[in-house]
Number of protein chains: 2
Amino acid sequence: MTNISDIARIAGVSVSTVSRVLNNHKYVSEDKRKIVQKVIKEMNYTPNKNAVDLIRGETKMIGVIIPYNNNQAFDQMLHGVINKSVEKDYSITVLATKYSKEKELEYLSMLKNKWLDGIIITSRANSWETIIPYTEYGSIVSCEYTTHSEIGCAYIDRFSSYVDAFQYLKDKGHEKVAFTTARGTESISTEQTIAAYKRVFGGLPDEYYLPNCFRFEDGYYAGEQLFGRAVKTKPTAIYANGDEVAGGIYKYARSKNMNIPNDLAILGQENQPIGVALDLSSVDHQLIKVGEQAFELTVQKSRRNIEIPYKIIERSSI
Amino acid sequence: MTNISDIARIAGVSVSTVSRVLNNHKYVSEDKRKIVQKVIKEMNYTPNKNAVDLIRGETKMIGVIIPYNNNQAFDQMLHGVINKSVEKDYSITVLATKYSKEKELEYLSMLKNKWLDGIIITSRANSWETIIPYTEYGSIVSCEYTTHSEIGCAYIDRFSSYVDAFQYLKDKGHEKVAFTTARGTESISTEQTIAAYKRVFGGLPDEYYLPNCFRFEDGYYAGEQLFGRAVKTKPTAIYANGDEVAGGIYKYARSKNMNIPNDLAILGQENQPIGVALDLSSVDHQLIKVGEQAFELTVQKSRRNIEIPYKIIERSSI
DNA sequence: CTGAAAGCGCTAACAG
DNA sequence: CTGTTAGCGCTTTCAG
């Protein structure tokens, strides 16, 4: 491993001069700069990033906390982050938690030990109170709205979005509406969905709320639950927490020869390929943009709150 | 930022002793170990990873080179890598190249500057000859078969897979078969598809070969190309390079009221949700397993070649 | 069992 | 413009 002093010795200059040309400082004579560059090239030398980071105290590396690494929604945000990072010469490290509080804390402390310059939280397991102390060590930005002034966020107004979605369904004549969510009531997003539902429809029949839906199969199973079992009044519409889940529901409905949208209207989320394939209406939360914005906030160490707009994409499933 | 000597001073021991308890060395008296641990906890101290990595010469960090960060196939391999990395306490950094040779080289030199312990190449832009010199600085493993002894690989026998797929179509009575690929003939995978095609069908009519297909829309466009324009003999079957692309083709065909599989048989790849939604047959290359194996090889610094089996999933589209 | 001291490879005053 | 030198925070001989 050739290092900076090898280069200095061979080039017949001091390490500082080598360091200067490495970092494009001025005040290096053309002669020396030339020769140093020549030696660097000849020796195929690259500075050791650990040493540089150690002394500089920053790594140009940002971590993205995602609960699951195989979920379309989190993937979209991750993609947004990666998109921007390529331009800005940052590296992105994927931090999967499976919603483990310990794991999440472990990742957060990567800020403390100077491994990461910043962290983007797409979805969290711990309370803000336990997360906030870590902002002392690096920039933390959230993809979920928060009023805590220590945390920047690029967010979608989920409550409004859910209200709009349910209202849209209601306007289309649906009064019996079911919905799926990923996690249960430990999730803010689920809480907001429920609140939005109640706002639009008044009460919420237990059987219309189907948690634990992540993937296609979960949607299919949700269909079975809703129509195969003892649900008193069958819903006429369902709002799924993603197009993949919506796809599973669609599949189930078609397997029972139900007509979409006449027998069952389906509204998905995130405007994914499976949705366009099946011609499913979807509310597009523009998660890629969320990721992109989150990245920008992180590198700028900004604590601003930026709202990303959503839009309902109307197709034939409603 | 409290550091190791702060801890040492407060605990009334030397830095070496602190270092020893940090690294679970034996030969530390219970008394001192206790007090050091107490101080560490009180001070909320975490070792600086840069300093540790600098002196150890390793980072427990692995990079994954992917051309695009929004392509289902690469995502699957990435997910496999991440799955395993969580267990093994490694961090994964995503390295998107867009097939730029320069960018790829830049990433490769992260091995040289001790930033990454290893690199997994899901798809490469440079020749093996230019990549191999970097194996001197860290473990490089490929997700594509290679005989170069310096490189380990977790691969699928693509040529056999393509031959099987085309033969399967032929056995089902299809003689006029078109296919899509991601890149053009600069890609080994495309070359293999073409070779497999010729092996099974003899020649390859130009118009049956449709490159530059990545996403749903590309599949739709491929359908337009094939059926909307002056293709002399319409194909009766098409082998798509992914279920998303297959989905686009399906969508196009249905928009023209074609019957699947009678008017057009469709075979996809990777067994993705969109494929099960549309009931598309698919050859599953088990890319997640490829990623998992690639990870194992990388941390073991192994140069073995491990073949991952594929399987054709029969559904109603053929 | 413990501490002093020598680095790991680099940057940034500081003094010429 | 250039070199000397003192660290960054940690691990690891090497002597006790």
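The chains referred to below are lettered A, B, ... by the order of the sequence lines, with proteins before strands, and numbering in each begins at 1. Since we're looking at a predicted model, the values are computed, not measured.
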Item to check | Where at least one partner belongs to residues 97-127 of chain B, residue pairs that pass ring pair (Phe, Tyr, Trp, His ring centres under 6.0 Å), sequence neighbours excluded | outcome: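 Passing the test, one end in residues 97-127 of chain B: B/Tyr68-B/Tyr99.
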Can you list everything that forms a salt bridge (Lys or Arg N to Asp or Glu O under 4.0 Å) with [X]? Sequence neighbours excluded, please.
X: A/Arg9; answer: A/Asp6
X: A/Lys88; answer: A/Glu296
X: A/Lys49; answer: A/Asp53

Next on the checklist: Let's see if you get this right: which residues in residues 27-41 of chain A place a heavy atom under 4.0 Å from DNA chain D?
Outcome noted: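 The answer is A/Tyr27, A/Val28, A/Ser29, A/Lys32.
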Next on the checklist: Applying ring-ring contact (aromatic ring centres under 6.0 Å, His included), can you list everything that pairs with B/Tyr45, at least two apart in sequence or on another chain?
Outcome noted: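 ring-ring contact (aromatic ring centres under 6.0 Å, His included) list for B/Tyr45, sorted by chain: empty.
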Side chain to side chain contact (heavy atoms under 4.5 Å, CB included) with [X]: which residues, sequence neighbours excluded?
X: A/Ile10; answer: A/Val39, A/Met43
X: B/Asn44; answer: A/Lys112, A/Tyr137
X: B/Glu42; answer: B/Lys38
X: B/Ala73; answer: B/Asn71, B/Leu287

Checklist entry - Would you say a side-chain N or O of B/Ser14 is under 4.0 Å from OP1 or OP2 of C/dA4? => result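 Indeed not, no polar side-chain atom of B/Ser14 lies that close.
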Item to check | Per-nucleotide protein contact string for nucleotides 7-14 of chain D, where B marks a base within reach and S marks sugar-phosphate only (heavy atoms under 4.0 Å, - for neither) | outcome: BBBBBBB-
Next on the checklist: Within the structure provided, determine whether A/Val13 and A/Val21 are in side-chain contact (heavy-atom separation under 4.5 Å).
Outcome noted: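 No, too far: nothing below the 4.5 Å cut-off.
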Checklist entry - Taking atom P of C/dA12 as reference, at what distance in whole Å does atom CD of A/Glu58 sit? => result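 Distance, rounded to whole Å: 11 Å.
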Next on the checklist: How bent is the helix from C/dC1-D/dG16 to C/dG16-D/dC1, measuring the angle between the end axes built from five pairs each, rounded to 10°?
Outcome noted: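 End-to-end axis angle for the helix from C/dC1-D/dG16 to C/dG16-D/dC1: 40°, rounded to 10°.
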